[in-house]
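Have a look at the structure below before the remarks.
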Amino acid sequence: MSVGLQRLREEPEVIRKGALDKGEDATLVDAALALDARRRVLLGEADARKAERNTVSRQIGEAIKGGAAAGGPEVAALRAASVAAGERISALDVEIGRVDAELEDALLRIPNPADPDVPVGDADSNVTVRTWGELLPRLQPVAGEVGADASTATWERRPHWDVAERLRIFELERGAKIAGSGFPVYRGAGAGLQRALIDFFLTVHIRENGFTEIWPPAVVNAASARGTGQIPDKEDQMYVATRDELYLVPTAEVPVTNLHRDEIFEADELPVRYAAYSPCFRREAGAAGKDTRGILRVHQFDKVEMVLFEKPDASAEALEWMVGRAEDLLRRLGLAYRVLLMATRDMGFVQAKKYDLEVWAPGVERWLEVSSCSNFRDYQARRMAIRHRSAPGARPELVHTLNGSGLALPRVVAAILETYQDPDGSVRVPGPLQASLGTDVLRPPA
RNA sequence: GGAGAGGUCGCCUAGAGGCCUAGGGCGCCGCACUGGAAAUGCGGUAUGGGGCAACCCAUCGAGGGUUCGAAUCCCUCCCUCUCCGCCA
């Protein structure tokens, strides 16, 4: 991913400010500009020399065809000229290669500038755009016991791991035994809940929201991992099958966005909108100790992802639309949530604008991130050379890419278990999942 | 996994060291002819980079090599197809 050279030349100040707002090194902008200037000088001479060599080589061919001796003085002189040009070309190509590598390296470390409407600052500057639903408390009055003593007339909501244990729907220790810590096993209705959620999310996206369903591979090759910036930036977060040089996908974004790498959309083909389920594998290196209980942070989880390819002038609106699609799922599940507009230093290197959706988990009294929706504008598209024609026959230009979770399962499951639990340990099933699970309540085994 | 055949412009194909500055066909766009269309004729039809421009450079699956010169010869890798083996 990188910022465009053309834009860098035309408005370096915007790029520079964008880097500073994200807390990145802005001096790389000047370094890149200097390298770009040097590169163009070198390229100019190399091209001229190549033209010269092409001409001379052609002349050799014509001379020989015209009767000159292949070993004669005329041909020898031409040959010497060609060799001289060739030597200069080799030297220039080496230098250009070096400048190119440095330039690319500099560009890769210049972040995508945030949109103008993104708040500048760190996580404290994130803006809560809206909140939906009732924020249930952990301690709650027991229904029907109005006259009782206040201290005994409450029941305490349990964290999702307690609820799950009573229902016997997680097998976390056995998951650790067969794979490792952070590889949850879902049992019985727990497994059914996974399947029901995936089906519910996909069905809404496909039947109501106009997405095309994609069922991608769970591994990608190095070129794809590079395309979405997993390597080199986040290489230590991925599981790698080194023997075959394959990477386990950390999100469906990687295979699905790469579907159109090195392609040009025709004028009437955009937007292209995909919804894809995939398992997601994350090493979570550096996150040891955080959220180790339950299923809030695991090495393998399931997610339905939305991936959009849009015309540049439509991407801003598409982001708002996509956030709305994710919100709709939470509303139908009856889960309280809030939408955060992420500030420049909390949004990531490659995003131009990003919203996070956080669901309320009353058992642990925390907001849990269940979706992250981002507009990358042309930043990802440049790296993957994904372009479109604005009109038939027009010059190709970069598309805008966006993606967002719709939704990630584990924390939705946690929120359901904590929101819909009853004092007796049973959990009511949200309406949209009842048909799939074949019941409207999950009860602990006797 | 084994054996064989292939990968050339949006698609099909020619091409076998210099006439390739990649030819032809189809498709597409424009113009002419027409009342309008079909047919026909003429022209145009890749991507990236450099240059004010004329124009130049690179790219024939990818990367190396040989050569004054590579789509063409050599090496490595990737992919597709056919047959065989194995297999949910």
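Throughout, a chain's letter reflects where its sequence line sits, starting with A, and its residues are numbered from 1.
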Quiz prompt | Residues touching RNA chain B, which here means a heavy atom under 4.0 Å, drawn from residues 38-46 of chain A | solution = R39(A), R40(A), L43(A)

Quiz item: Rounding to the closest angstrom, what is the interatomic distance between G48(B) and C9(B) at atom C1'?
Solution: 15 Å

Practice problem: Using atom CD of E266(A) as one end and atom P of C11(B) as the other, report the distance to the nearest whole Å. | Solution: 12 Å

Quiz item: Are N221(A) and S224(A) linked by a side-chain donor-acceptor pair shorter than 3.5 Å?
Solution: yes

Quiz prompt | Atom-pair distance (CD1 on I264(A); P on C9(B)), nearest Å | solution = 14 Å

Quiz item: Taking atom P of U67(B) as reference, at what distance in whole Å does atom CD of E87(A) sit?
Solution: 12 Å

Quiz item: How close or far is atom C1' of G48(B) from atom CD of E397(A), stated in whole angstroms?
Solution: 16 Å

Practice problem: Using atom CG of D262(A) as one end and atom P of U59(B) as the other, report the distance to the nearest whole Å. | Solution: 18 Å

Practice problem: Could you list the residues that satisfy side-chain contact (heavy atoms from CB on, under 4.5 Å) with E317(A), not counting sequence neighbours? | Solution: none

Self-check item: Residues that R273(A) engages under side chain to side chain donor-acceptor pair (under 3.5 Å), provided they are two or more places apart
Solution: E310(A)

Quiz item: Which whole number of Å gives the distance between the P atom of C86(B) and that of G6(B)?
Solution: 28 Å

Practice problem: Return the nucleotide paired to C11(B): Watson-Crick means purine N1 to pyrimidine N3 with N6-O4 or O6-N4, wobble means G-U with N1-O2 and O6-N3, both under 3.5 Å. | Solution: G25(B)

Quiz item: Sequence neighbours excluded, which residues qualify as side-chain contact (heavy atoms from CB on, under 4.5 Å) partners of P430(A)?
Solution: L333(A), I416(A), Y420(A), P432(A), L433(A)

Quiz item: Are Y247(A) and Y239(A) close enough that their ring centres sit under 6.0 Å apart?
Solution: no

Self-check item: U67(B) - base-pair partner by Watson-Crick or wobble geometry, distances under 3.5 Å
Solution: none

Exercise. Just name whichever nucleotide pairs with C31(B), Watson-Crick or G-U, keeping both distances under 3.5 Å, else none.
Key: G41(B)

Quiz item: D36(A) or E62(A): which one's nearest nucleotide on RNA chain B is closer to the 5' end?
Solution: E62(A)

Exercise. Would you indicate what V56(A) reaches in the nucleic acid, counting non-hydrogen atoms under 4.0 angstrom: base, sugar-phosphate, or nothing?
Key: nothing

Quiz item: Tell me: CZ of R49(A) to P of G69(B), nearest whole Å?
Solution: 15 Å

Quiz item: In whole angstrom, what separates R58(A)'s CZ from U21(B)'s P?
Solution: 6 Å

Quiz item: Do the side chain of D47(A) and the base of G49(B) come within less than 3.5 angstrom through a donor-acceptor pair of N or O atoms?
Solution: yes

Self-check item: Nearest-neighbour nucleotide for the N54(A) side chain, C57(B), U47(B), G48(B) considered
Solution: C57(B)

Self-check item: For atom CG of D93(A) and atom P of G49(B), their distance in whole Å
Solution: 18 Å

Quiz prompt | Base-pairing assignment for U82(B) (Watson-Crick or G-U wobble, both under 3.5 Å) | solution = A3(B)

Exercise. Not counting sequence neighbours, which residues clear side chain to side chain donor-acceptor pair (under 3.5 Å) with R7(A)? List them please.
Key: E11(A)

Quiz item: Nearest of G69(B), A58(B), G48(B) to any side-chain atom of R387(A)?
Solution: G48(B)

Quiz item: Considering residues at least two apart in sequence or located in another chain, which fulfil the side-chain contact (heavy atoms from CB on, under 4.5 Å) criterion with D328(A)?
Solution: V204(A), R325(A), R332(A)

Quiz item: Is K17(A) paired with E13(A) through a side-chain N to carboxylate O contact shorter than 4.0 Å?
Solution: no

Quiz item: Among G50(B), U47(B), A58(B), which nucleotide sits nearest the side chain of K50(A)?
Solution: A58(B)

Quiz item: Which of the following nucleotides, U47(B), G18(B), G48(B), is nearest to the side chain of S57(A)?
Solution: G18(B)

Quiz item: Using atom C1' of each nucleotide, how far apart are G7(B) and C56(B) to the nearest Å?
Solution: 30 Å

Quiz prompt | Pairing nucleotide - U76(B), Watson-Crick or G-U, each distance under 3.5 Å | solution = A62(B)

Self-check item: Any strand: nucleotide that pairs with C19(B) via Watson-Crick or wobble, under 3.5 Å
Solution: none

